Peer 1: 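One structure follows; several queries about it will come next.
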2 protein chains.
Amino acid sequence: MGKQTGWQSVHDEALRRIQQRIWAPGALIPNEEDLAAELGCARATVNRALRELADAGLLERRRKAGTRVTETPERRARFSIPLIRDEIESRGATATYALIARTIAPMPDAQRHILGLTSPEKSLHVQALHLSNGAPFVYENRWVNLAAVPALEQADLTTISANEWLLRHAPLDRGTFDYAASAADPATAGHLGCAPNTAIMTLERTTHSPTAPITWVRLSYAPGYRLHMDI
Amino acid sequence: MGKQTGWQSVHDEALRRIQQRIWAPGALIPNEEDLAAELGCARATVNRALRELADAGLLERRRKAGTRVTETPERRARFSIPLIRDEIESRGATATYALIARTIAPMPDAQRHILGLTSPEKSLHVQALHLSNGAPFVYENRWVNLAAVPALEQADLTTISANEWLLRHAPLDRGTFDYAASAADPATAGHLGCAPNTAIMTLERTTHSPTAPITWVRLSYAPGYRLHMDI
DNA sequence: CAGTGGTCTAGACCACGGG
DNA sequence: CCGTGGTCTAGACCACTGG
């Protein structure tokens, strides 16, 4: 018999019933106690399995109302944001990094407002290029709120990218990502070694520590970049 | 006292220790039994809390080796793929839909290979436009493997988009997403009402049922589209 | 081998919220 | 009210793997 007890088995069995429409979309499924009895395991085991399916968006659970199969499952991709260096190396290429400019200046209004800073804080402006096998991969244009991470001012950004320094030293908490397609402006095109107005992917990111905004950054990817996700 | 027992509290306390570097990056943290004793709860409760943190990428757990704080936490965004209609309506706009063309034809080689189909299956080619407040929002170019979802041939795609029909009727299982920036070709630009060669975001998606490939689709978003994620 | 996390269990109590 | 999921507990056994 293929009867393995274990929450994974319960998970798989429930998934099978959902996919094969044995439990129809929108329908109520048996409660945990009944399922536990049917499948020969403890209720906690069923709970664990069904909780995973609910996390994945396939089930909707409510006290007293019971558990239903989601009518139109909202697919969720889990998308991990790697270090740029890892992103390059995971494609089998060699990653290098070049600092273009590093200045201390008040943060421009645009970035300030996005980060929710009220006064023009002292900040660090970093421009850098990440290369894959020596070819430009992504151009980084970053403003960092130095009040949130004063130690960054002492960091040697010619050897470690601000990207990595922040990941390693800043207690980040939440943030936003915005991918968009845009035409490369002349300066960016120059850095990336492509023609102006080439269609490129940009990523604008903000990150916040639990207590203060940390950084705004725009990454401009070289033409041909693809953002890949599996479901 | 703020002493709430509960896995959420354990989770928050552990998170605090990570963020405040009480548990340094890369360092070993106490084992579950000790933590349970310290925090006055059962080991299973600690396990639940630490498992969540490990799922979030903040901890790395290995039997016998114990639990470590991740050195460079890989941030993970959870990205939910809405129906196009929901995506439009969630921005407060009115969604409409227009079928441009619907034909039965053998699937082209390019799509066939991507989906892993060996013979040129009978397939449905759908071109459609999704509009937001009457303005083009995204152009959809889709090939569906009719062998996997024969019922689609009878569906009235002038009233319901293939997108929605498939979500509702096809038992999808896994798939891939590829976002890229590209220059609008003349035909696409015509559909979207923008100039040719405008930089636009495209999404190429494949979906598979547990048993067979279902569909390949390219969505071409109107200029200005942003893919937004929160962390 | 032995320490650690992974999981199961049976039972219990609680919180939510539908009817 | 009271059924249902959410969680906690104490104890147990197991699986993996470092030393």
Side-chain angles (χ1 to χ4, degrees), chain A residues 1-15 17-18 22-71 73-74 78, chain B residues 1-15 17-18 22-71 73-74 78:
Chain A
M1 295 237 319
K3 176 165 181 187
Q4 312 282 341
T5 61
W7 71 266
Q8 193 74 249
S9 313
V10 177
H11 175 280
D12 292 348
E13 172 62 13
L15 182 57
R17 295 186 186 184
I18 294 168
I22 297 171
W23 292 339
L28 212 52
I29 77 172
N31 68 29
E32 294 185 346
E33 198 169 0
D34 292 349
L35 273 177
E38 183 201 336
L39 301 175
C41 64
R43 184 168 78 91
T45 304
V46 173
N47 181 281
R48 170 77 188 271
L50 298 189
R51 180 157 43 79
E52 300 267 333
L53 288 168
D55 284 347
L58 293 174
L59 292 176
E60 288 168 343
R61 321 194 73 197
R62 267 154 48 217
R63 286 164 153 121
K64 169 70 182 180
T67 301
R68 291 181 178 283
V69 179
T70 303
E71 198 97 39
E74 176 184 79
R78 201 171 216 177
Chain B
M1 296 237 314
K3 174 163 177 187
Q4 312 283 340
T5 61
W7 72 266
Q8 194 72 250
S9 313
V10 177
H11 175 280
D12 292 348
E13 171 61 14
L15 182 58
R17 295 186 185 183
I18 294 168
I22 296 171
W23 292 339
L28 213 52
I29 76 171
N31 69 28
E32 294 186 345
E33 198 168 1
D34 291 350
L35 272 176
E38 183 202 336
L39 301 174
C41 63
R43 182 167 79 93
T45 305
V46 174
N47 181 282
R48 170 76 187 271
L50 298 190
R51 180 157 44 79
E52 300 267 334
L53 289 168
D55 284 347
L58 294 174
L59 292 177
E60 287 169 343
R61 321 194 72 198
R62 267 156 46 216
R63 287 167 154 118
K64 167 73 182 180
T67 300
R68 291 180 177 284
V69 179
T70 302
E71 199 98 37
E74 175 184 79
R78 207 180 214 180

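Predicted model only: the values in this text are computed from it and were never measured. Scope of the values below: all heavy atoms of this structure, side chains included, with no hydrogens, waters or symmetry mates. By convention in this document, chain letters (A, B, ...) are assigned in the order of the sequence lines, proteins followed by strands, and residues within each chain are numbered from 1.
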Peer 1: Within residues 41-55 of chain B, which residues have any heavy atom lying less than 4.0 Å from an atom of DNA chain C?
Peer 2: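 Contacts with DNA chain C under 4.0 Å: B:Arg43, B:Asn47.
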Peer 1: On a heavy-atom basis, which atom in B:Val46 and which in B:Val10 lie closest, and how many Å separate them?
Peer 2: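 Reported closest heavy-atom pair: CA-CG1, 4.2 Å.
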Peer 1: Please find the earliest and latest nucleotides of DNA chain D, in the 5' to 3' direction, that have an atom within less than 4.0 Å of any heavy atom of chain A.
Peer 2: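 The contact span of chain A on DNA chain D goes from D:dG3 to D:dT7.
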Peer 1: What are the two closest non-hydrogen atoms of B:Gly6 and B:Thr45, and how far apart are they?
Peer 2: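 Minimum heavy-atom contact is C-CG2, 3.9 Å.
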Peer 1: Roughly how far apart are A:Leu15 CG and A:Leu59 CG, rounded to 0.5 Å?
Peer 2: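 The distance works out to 9.0 Å.
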Peer 1: Looking only at non-hydrogen atoms, find the nearest pair between A:Ala49 and A:His11 and report the distance.
Peer 2: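 For A:Ala49 and A:His11, the tightest heavy-atom pair comes out as CB-N, 3.5 Å.
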Peer 1: Nearest whole angstrom, please: distance from the C1' of C:dG18 to the CZ of A:Arg68.
Peer 2: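 Between C1' of C:dG18 and CZ of A:Arg68: 11 Å.
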Peer 1: Just the rounded figure in Å: distance from C1' of C:dG3 to CD of B:Glu32.
Peer 2: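 Atom CD in B:Glu32 sits about 12 Å away from atom C1' in C:dG3.
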Peer 1: Specify the residue among A:Trp7 and A:Arg63 whose closest nucleotide of DNA chain C lies further upstream toward the 5′ end.
Peer 2: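 Looking at the nearest nucleotide for each, A:Trp7 comes out on the 5' side.
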Peer 1: Indicate the atoms forming the closest heavy-atom contact of A:Leu28 with A:Ala65, along with that distance.
Peer 2: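 The pair with the smallest heavy-atom distance is CD1-O, 3.3 Å.
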Peer 1: Send over the distance from B:Leu35 CG to C:dT4 P, rounded to a whole Å.
Peer 2: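 From B:Leu35 CG to C:dT4 P: 12 Å.
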Peer 1: Minimum heavy-atom separation for A:Glu32 to A:Arg43, with atom names?
Peer 2: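 Smallest interatomic distance, heavy atoms only, reads OE1-NH1, 2.7 Å.
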Peer 1: Please give me the minimum heavy-atom distance between A:Leu53 and A:Ala14, naming the atom from each residue.
Peer 2: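 Taking A:Leu53 first and A:Ala14 second, the nearest heavy atoms are CD1-CB, 3.5 Å.
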Peer 1: Determine whether a donor-acceptor pair (N or O, by modelled atom type, separation under 3.5 Å) exists between the side chain of A:Arg61 and the backbone of A:Thr67.
Peer 2: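 No, A:Arg61 side chain to A:Thr67 backbone: no donor-acceptor pair under 3.5 Å.
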